[in-house]
Number of protein chains: 2
Amino acid sequence: MERQALHPTKDRLLDAAEELFSDRGIDATSLRAVTSAAGVNLASVNYHFESKDGLVRSVFLRRLEPLNNERLELLDALEITAAGTAIELEAILDAWVLPALRMGQSPEGKRFKRLLGRIYSEPGDSLQTLLRELFGEILQRFSAAIGRTLPELSAEELMWRVHFMLGAMIHTVADQPSIRAFSGGLCDPSDIEGVRRRLIDFVAAGLRSPPAKKTTGQSPGTRK
Amino acid sequence: MERQALHPTKDRLLDAAEELFSDRGIDATSLRAVTSAAGVNLASVNYHFESKDGLVRSVFLRRLEPLNNERLELLDALEITAAGTAIELEAILDAWVLPALRMGQSPEGKRFKRLLGRIYSEPGDSLQTLLRELFGEILQRFSAAIGRTLPELSAEELMWRVHFMLGAMIHTVADQPSIRAFSGGLCDPSDIEGVRRRLIDFVAAGLRSPPAKKTTGQSPGTRK
DNA sequence: CCACAATTCAAACGAACGTTTGAATTAACA
DNA sequence: TGTTAATTCAAACGTTCGTTTGAATTGTGG
């Protein structure tokens, strides 16, 4: 009897929570605000999700599980068609970026992306645990695939570059309003193809940069 | 009579708040936790900072104002010594990165950096306003300087790349524990020279990547 | 239609929050 | 030292929070 295809109360709670969490933040959103926005009773949250933490987890899981599954399917497809031959770096990056950008096309996807960018910097233990559960395995898979296209990189160098890559990607996926304001309306974050090409070109160039180059000339050095 | 070189109570509050905000987050930290950690009376916060928001602002201002001033001084020095001739891209990036990495050497700097990464994704109006106050001007200065070294880039392309750059930098400056865990201890974020060289090389390669390249072959395309 | 489980509901719980108050204490300056 | 302003302090304010409770309601299978 557990959970059917869609339980109306549960889904209304998830939708309302997602919206309010995105706008005001998780801590700043009370369960009373969520339930009244969803048009359900206050006690429903604890009945269906046990606690506020449970609601938060479900909000993230609902979107991230399908998202990461799609990423893994794309990567699987790449590795199968390649069948031992080399995979292009850009194609791997695409498998990571495209599902996230596609998600952002729908209005619900947009509001979730704002929320997603926050999860990485939220200090709550519950969310950090969830992050590791959700991204631990998939990150290793993508890192390995990227590393295979860049065999001249040491493991340490590769990890650093993947770290930088994630920074650029997270910041881009999450931070839709900031680039618009910063560029004075010049950059359009809803142009998925444009964002996709630019982000992937930028990251690919960074990943491919020749390793172990020393910093050159003109450095500011130690001052004062 | 206003504020002297260092007011003991004020400084103890700022130190305690910085530490607790970094560990547990701003919303999750109560003023009672701050004041008892600082060993001062609860009402001191409202007396010295008017409100919790005022305390938060002061915590950020205390570190970010000197940090951004140092960045601007380094950029000024570069532009003066160059005197019309071209400035190396890496040197500009260094002027942005180095002060932040140096700050992270001290224990207090370390804890603040964790906090700093959070400000970008916090939804509070007060913090977002502060962010624009603090980073609006300096970002324009650095973007312009970077753009001058990459004259083949359109304004739009430049803005996007600066956006990606900021993502990589923010994620790196803020997220010290994550890279260590992700790399299984292989990467050492306290090796300032290493981080500096790797981050700058990565970002410089991304910024320099030839513009308007179309995505090639193997793309996953539309599925399902 | 009845028994029974699943769900919803209004109400209340105790705890913790940011802020305010007014008296007590300390420091500054004549 | 006496006067006055600056600061600290204990206590309380009113509000809001997440959670719990027990009765009312709805849905379901026999």
Side-chain angles (χ1 to χ4, degrees), chain A residues 1-60 115 118 122-127 129-130, chain B residues 1-60 115 118 122-127 129-130:
Chain A
M1 203 96 344
E2 256 301 274
R3 65 187 56 179
Q4 218 51 27
L6 53 125
H7 187 123
T9 301
K10 253 176 153 171
D11 284 337
R12 298 178 61 141
L13 278 171
L14 288 171
D15 287 338
E18 187 176 82
E19 169 114 27
L20 290 171
F21 288 167
S22 301
D23 282 347
R24 320 180 189 173
I26 298 174
D27 280 333
T29 301
S30 70
L31 292 185
R32 287 171 174 82
V34 173
T35 51
S36 81
V40 305
N41 188 271
L42 170 61
S44 308
V45 175
N46 292 284
Y47 179 78
H48 287 286
F49 300 98
E50 289 198 350
S51 65
K52 185 180 183 180
D53 253 16
L55 173 63
V56 173
R57 277 184 61 96
S58 295
V59 166
F60 280 100
L115 181 55
R118 220 167 291 150
E122 291 252 354
D125 284 350
S126 154
L127 273 188
T129 304
L130 182 62
Chain B
M1 207 97 338
E2 256 299 276
R3 65 185 59 179
Q4 218 51 28
L6 53 125
H7 187 121
T9 301
K10 255 176 151 171
D11 285 337
R12 299 178 61 143
L13 278 171
L14 289 171
D15 288 338
E18 188 176 81
E19 168 113 27
L20 291 171
F21 289 167
S22 300
D23 283 347
R24 319 181 190 172
I26 297 175
D27 279 333
T29 300
S30 70
L31 292 186
R32 286 169 174 83
V34 173
T35 52
S36 79
V40 304
N41 188 271
L42 170 62
S44 308
V45 174
N46 292 322
Y47 179 76
H48 287 287
F49 300 98
E50 287 199 353
S51 65
K52 184 179 183 179
D53 254 15
L55 173 63
V56 173
R57 277 183 61 97
S58 294
V59 166
F60 280 99
L115 180 55
R118 219 166 291 150
E122 292 252 353
D125 283 350
S126 153
L127 273 188
T129 305
L130 181 62

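Chain letters run A, B, ... following the sequence lines, proteins first, then strands; residues in each count from 1.
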Anything under 3.5 Å between a protein N or O and an N or O of nucleotides 24-27 of chain C, put it in a table, one pair a line.
none

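- For the pair B/R32 (side chain) and B/L42 (backbone), a donor-acceptor distance under 3.5 Å is absent.
- Contact detail for B/K10 and B/F49: the closest heavy-atom pair is CG-CZ, 3.8 Å.
- Ranked by how close their nearest DNA chain D nucleotide is to the 5' end, A/D27 and B/S44 are led by B/S44.
- Look at NZ on B/K10: it is 11 Å from P on D/dT8, rounded to the nearest Å.
- To the nearest 0.5 angstrom, B/I26 atom CD1 is 5.5 Å from B/L115 atom CG.
- Atom CG of A/D15 sits about 11.0 Å away from atom CG of A/L20, to the nearest 0.5 Å.
- Taking the side chain as every heavy atom from C-beta outward, A/T35 and A/N41 never approach each other to under 4.5 Å.
- A/L55 places its CG atom 10 Å from the P atom of D/dT19, with the value rounded to the nearest Å.
- Between the CG atom of A/L13 and the P atom of D/dT19 there is a distance of 13 Å, given to the nearest Å.
- B/T29 contributes atom OG1, which lies 12.0 Å from atom CD of B/E18 (distance to the nearest 0.5 angstrom).
- Under a 3.5 Å cut-off, the side chain of A/R12 and the backbone N or O of A/A38 do form a donor-acceptor pair.
- Counting only heavy atoms from C-beta on, A/N41 has its side chain closest to C/dC9 among C/dC9, D/dT8, C/dT19.
- Both A/K52 and B/G39 sit near DNA chain D, but only B/G39 has its closest nucleotide nearer the 5' end.
- For A/D53 and D/dC17, the CG to C1' distance is 14 Å, given to the nearest whole Å.
- The nearest whole Å value for the distance from the NE2 atom in A/H7 to the P atom in D/dT26 is 15 Å.
- For A/N46, the listed nucleotide lying nearest its side chain is D/dT19; candidates were C/dA10, C/dT19, D/dT19.
- The CG atom of B/L55 sits 11.0 Å away from the OG atom of B/S44 when rounded to the nearest 0.5 Å.
- Among the heavy atoms of the strands lying under 4.0 Å from B/T29 are primed sugar atoms or P, OP1, OP2 only; no base atom is included.
- Relative to the axis of its first five pairs, the axis of the last five pairs of the helix from C/dA3-D/dT28 to C/dC29-D/dG2 sits at 10°, rounded to 10 degrees.
- Of the possible donor and acceptor atoms, none in the side chain of B/R57 sits under 3.5 Å from a partner among the backbone N and O of B/S126.
- Using a 4.0 Å cut-off, some side-chain N or O of A/H48 falls inside it from OP1 or OP2 of C/dT8.
- Judged by closest nucleotide on DNA chain C, A/Y47 is the one of A/Y47 and A/R32 placed further toward the 5' end.
- One finds the NE2 atom of A/H48 at 10.5 Å from the CG atom of A/L14 (value rounded to the nearest 0.5 Å).
- The distance from atom CG of A/L42 to atom C1' of D/dG18 is 8 Å, rounded to the nearest whole Å.
- The side chain of A/S30 contributes an N or O atom lying less than 4.0 Å from OP1 or OP2 of D/dC17.
- Rounded to a whole Å, the CG atom of A/L31 is 16 Å from the P atom of C/dC9.
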